[in-house]
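Keep in mind that what you see is a predicted model, and the values were worked out from it rather than measured. The figures here come from the full heavy-atom set of this structure, side chains too, leaving out hydrogens, waters and symmetry mates.
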Amino acid sequence: MKAADSGATDAAETEPPPSTPRAPCGAALPEGGGILGPIVVELAFTDPTAAEGLTRLAAWRDAAAAGAAATGGPDTPRKRRPPPAAVALAWQDTASGALARRGLALEVPRRGPRVLWRILPDPGAPWRPGLPPEWIAVLDPAEAATLPDLAGFDSEERKAPLLPLAAFEGHRARFALAARDAAPGAPPSPPVAAELLTGRLRAVAAERAVARLTLAGPAEPVLALARALAAELPLLPPPAALAEEARALALGEPVRPRRTGPPLLAAAPDARAGLGLALGHLAESLLFHAQFARAGAGPEGVHQMRVALRRMRSVLRLFRPVATDEEAAALHAFAARLKALASTLGPARDWDVFLGGFGADLAAMLPEEPRLAALLRAARSRRAEAYTTLRQVLDGPEFRVLACDAIALALRFGAPEAPPDPAASPRRAAAQQRTDETLPAAAREPLDRFAAAALDRRWRKLRARGEAMSASLEDDALHALRLEGKRMRYAAEIFAPLWPGKASRRFVRRLAALQEALGLANDAATARRLVAGLDARLAAAQDAGPGGKAERLDGRRRAGDWAIGLVEGFALARARRVRKRALRAWEALLRRAPFWERD
């Protein structure tokens with residue numbers, strides 16, 4: 001068996017190129033001391049037709065040629081680039097989907113051996129957006145009719161015939177690119193190996209165009225180039241491997257997420273690595289759900305994006321002590337950009353919650369009430385506007401650059417440290433030593449000890465807010481407790497797996513019950529705020545009724561006031577009920593000792 005190098009393999013390309021080493025579970029191979037080594041970043045064109053724009057950007061190739069000439073690299077202007085090569089692939093699985101259930105894909109090129117890939121990473125394995133799929137093996141052609149004797153297939157599965165799922169036909173072009181240096185007089189950037197795959201995925205009942213760009217080389221120039229390209233072209237880390245997209249196309253279903261829920265940090269050797277693991281996991285979740293955050297796709301995309309953002313911002317606060325002063329400033333700036341994105345998601349989510357909650361309940365109780373129907377039409381109009389604004393942001397360059405910066409941060413903190421390499425150059429060895437010496441003590445602290453201290457801080461703050469809420473059930477006290485409870489819950493969800501057992505699960509469940517009760521109270525307050533802003537829109541609505549213009553306007557205002565009053569009264573009545581529920585949930589939480597103190 002031999003190793004393969006990418007998700008699109010033909011007979012002549014079954015060995016990984018030396019510039020793109022791969023670690024188990026798809027992790028990029030870093031060097032020690034925080035100095036990153038070679039990495040691979042896969043990007044997808046959200047608009048495949050825009051891939052043609054890459055070939056027209058001659059400046060990127062000119063920069064690569066200049067960098068190669070300055071460093072003595074092989075890709076000089078005189079070297080002739082090979083023409084694009086034709087690529088034809090197919091994917092197979094059993095009728096029961098034995099491979100897909102295990103997160104695997106069997107790739108069958110038109111010529112050459114089959115290749116087995118892992119397209120869904122193991123839950124606890126390091127991950128960050130832009131990682132290509134992990135190759136498992138190149139298979140013996142003699143076993144072409146059945147599943148390979150790998151990955152724990154039982155005898156019945158191995159006997160099952162393999163059936164075609166989908167196919168890809170297109171071209172692969174390989175060339176060098178480099179970021180264009182903005183600073184006058186700056187040395188040319190070193191060239192980066194680029195591979196552009198363009199073509200069409202085809203299944204029995206559907207087909208679509210795809211275009212993917214893979215960048216390989218030293219971390220810094222690869223990340224700089226990815227960021228620069230994303231600022232100009234519609235490029236994002238893909239939400240799924242090409243083989244997974246093919247499977248989803250064939251079955252007519254969405255691609256499966258590679259990461260869901262809170263991050264799993266048990267594999268982190270220390271607190272600093274825990275930050276990198278968490279950032280990679282949450283950035284993947286954020287980008288996956290961004291594809292569904294659009295009008296008509298339902299509320300789940302926006303909801304899950306907002307959850308991932310909140311978890312990521314919580315992680316940045318929790319792990320701030322592991323960063324150097326310079327890194328802390330970068331994390332703070334990154335968190336500010338996450339906050340700005342959250343403020344864009346907020347209106348879309350608020351209108352989703354209102355229309356799916358209070359609005360739906362009132363419509364069911366008063367199905368023939370025209371004044372309520374007019375208010376709900378105005379609310380749906382506001383939601384459509386919020387989704388339009390959100391989609392413009394998610395399709396814009398700021399979000400694409402944010403994704404590239406998330407990759408850089410995940411690599412920066414997630415790279416495991418290694419002893420100094422005796423074969424490293426003096427310059428690299430000196431940089432490695434400086435990095436080790438400037439790291440704060442918390443960076444090397446065992447993760448469970450770091451987590452216990454962080455949870456203690458959160459718990460003290462939550463108890464203080466809870467005492468204030470117990471003395472006063474006013475909106476301000478409930479809101480303050482809800483925010484602090486949310487921070488506590490995100491921290492507990494992240495760190496609870498470090499203390500496996502019933503105690504941690506029960507604590508998180510009771511935190512969730514408190515958050516649910518407080519969330520209902522907040523939904524009531526948000527509903528009152530939202531409908532209050534509909535007053536002008538309801539007054540401006542068209543009215544075909546009798547009477548003069550002034551009379552119609554006055555009637556519309558009265559109708560709007562009535563509908564707004566109805567929602568506000570309904571929300572107030574529900575808020576009074578949930579306040580008592582919140583108090584009971586808080587008292588139940590206090591009876592449960594914190595799981596990190598149980599020893």
Side-chain angles (χ1 to χ4, degrees), residues 260-264 282 285 299-300 302-304 306-315 317-318 349-350 352-354 356-358 360-361 451-452 454-528 570-598:
T260 59
L264 300 177
L282 294 171
S285 179
E300 194 65 12
V302 168
H303 171 55
Q304 293 299 335
R306 196 154 76 153
V307 169
L309 272 176
R310 286 173 170 172
R311 284 179 172 146
M312 196 179 300
R313 293 171 64 193
S314 180
V315 160
R317 285 190 293 266
L318 287 169
R349 178 58 183 165
D350 288 346
D352 277 338
V353 170
F354 170 73
F358 287 98
D361 291 345
L455 289 168
D456 273 337
R457 291 192 297 271
R458 288 282 183 223
W459 181 237
R460 287 195 298 270
K461 292 180 179 179
L462 180 61
R463 285 181 68 98
R465 292 294 187 187
E467 291 172 2
M469 188 271 292
S470 299
S472 170
L473 290 178
E474 297 300 321
D475 285 346
D476 289 345
L478 289 171
H479 182 64
L481 181 64
R482 185 181 68 87
L483 293 179
E484 204 59 59
K486 188 187 306 177
R487 297 184 185 110
M488 181 74 225
R489 180 183 177 182
Y490 290 148
E493 286 177 339
I494 291 169
F495 292 136
L498 301 177
W499 288 271
K502 292 182 179 179
S504 58
R505 293 196 297 271
R506 286 173 178 168
F507 188 88
V508 171
R509 280 201 301 268
R510 294 198 177 186
L511 264 176
L514 174 64
Q515 280 300 104
E516 182 180 358
L518 294 170
L520 290 173
N522 182 69
D523 291 347
T526 300
R528 291 160 56 197
F570 188 74
L572 280 170
R574 182 168 291 183
R576 291 192 183 99
R577 293 195 300 271
V578 301
R579 286 174 181 172
K580 294 181 180 179
R581 177 178 170 184
L583 184 58
R584 290 194 299 269
W586 170 246
E587 291 170 348
L589 179 63
L590 288 178
R591 292 194 294 270
R592 177 60 55 188
F595 58 86
W596 62 95
E597 294 180 350
R598 71 183 192 276

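For the atom pair CG of L511 and CZ of R458, the computed distance is 12.0 Å after rounding to the nearest 0.5 Å. How far NE2 of H303 is from CG of D352: 10.5 Å, rounded to the nearest 0.5 Å. Considering NE2 of H479 and CZ of R465, their distance stands at 10.0 Å, rounded to 0.5 Å. Taken to the nearest 0.5 Å, the CZ atom of R482 stands 11.0 Å off from the CG atom of L520.
Pairing each heavy atom of R311 with each of G261, the nearest pair is NH1-C, 3.3 Å. Looking at every heavy atom in both residues, P497 comes nearest to P500 through O-CD, 3.5 Å. Considering all non-hydrogen atoms of both residues, Q515 and G485 come closest at OE1-C, 3.4 Å. Here the closest non-hydrogen pair linking A517 and R581 is CB-CG, 3.9 Å.
A 4.5 Å side-chain heavy-atom check between L462 and L481 finds at least one atom pair inside the cut-off. Put simply, the side chain of S285 does not reach to within 4.5 Å of the side chain of Q304, judged on heavy atoms. A heavy-atom distance below 4.5 Å is not found between the side chains of L282 and L309. Put simply, the side chain of W596 does not reach to within 4.5 Å of the side chain of L498, judged on heavy atoms. At a threshold of 4.5 Å between non-hydrogen side-chain atoms, the residues L455 and F495 count as touching. Between T526 and V353 there is no side-chain heavy-atom pair separated by less than 4.5 Å. W586 has its side chain within reach of L590: a pair of non-hydrogen atoms, C-beta onward, lies under 4.5 Å apart. Counting heavy atoms from C-beta on, the side chains of D523 and F354 never come closer than 4.5 Å.
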Can you check side-chain contact (heavy atoms from CB on, under 4.5 Å) on R487 and R310, steps first, answer last?
CA-CA 9 Å; R487 297 184 185 110; R310 286 173 170 172; over 6 Å; no
CA sep, side-chain torsions, deciding dist, call: M488, K461, side-chain contact (heavy atoms from CB on, under 4.5 Å):
CA-CA 9 Å; M488 181 74 225; K461 292 180 179 179; over 6 Å; no
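Using a distance-only test at 3.5 Å, with no hydrogens or angles considered, a donor-acceptor pair links the side chain of R510 to the main chain of A588.
Under the 4.0 Å criterion applied to side-chain N and carboxylate O atoms, E493 and R489 are assigned as salt-bridge partners. A salt bridge is absent between E587 and R584: the closest approach of a Lys/Arg side-chain nitrogen to an acidic carboxylate oxygen does not fall below 4.0 angstrom.
In terms of the salt bridge (Lys or Arg N to Asp or Glu O under 4.0 Å) criterion, residue partners of R528 (sequence neighbours excluded) are, by chain and number, D475. By the side chain to side chain contact (heavy atoms under 4.5 Å, CB included) test, S314 pairs with R317, L318, Y490, sequence neighbours left out.
Ring centroids of F507 and W499 are separated by 6.0 Å or more, keeping the two rings apart.
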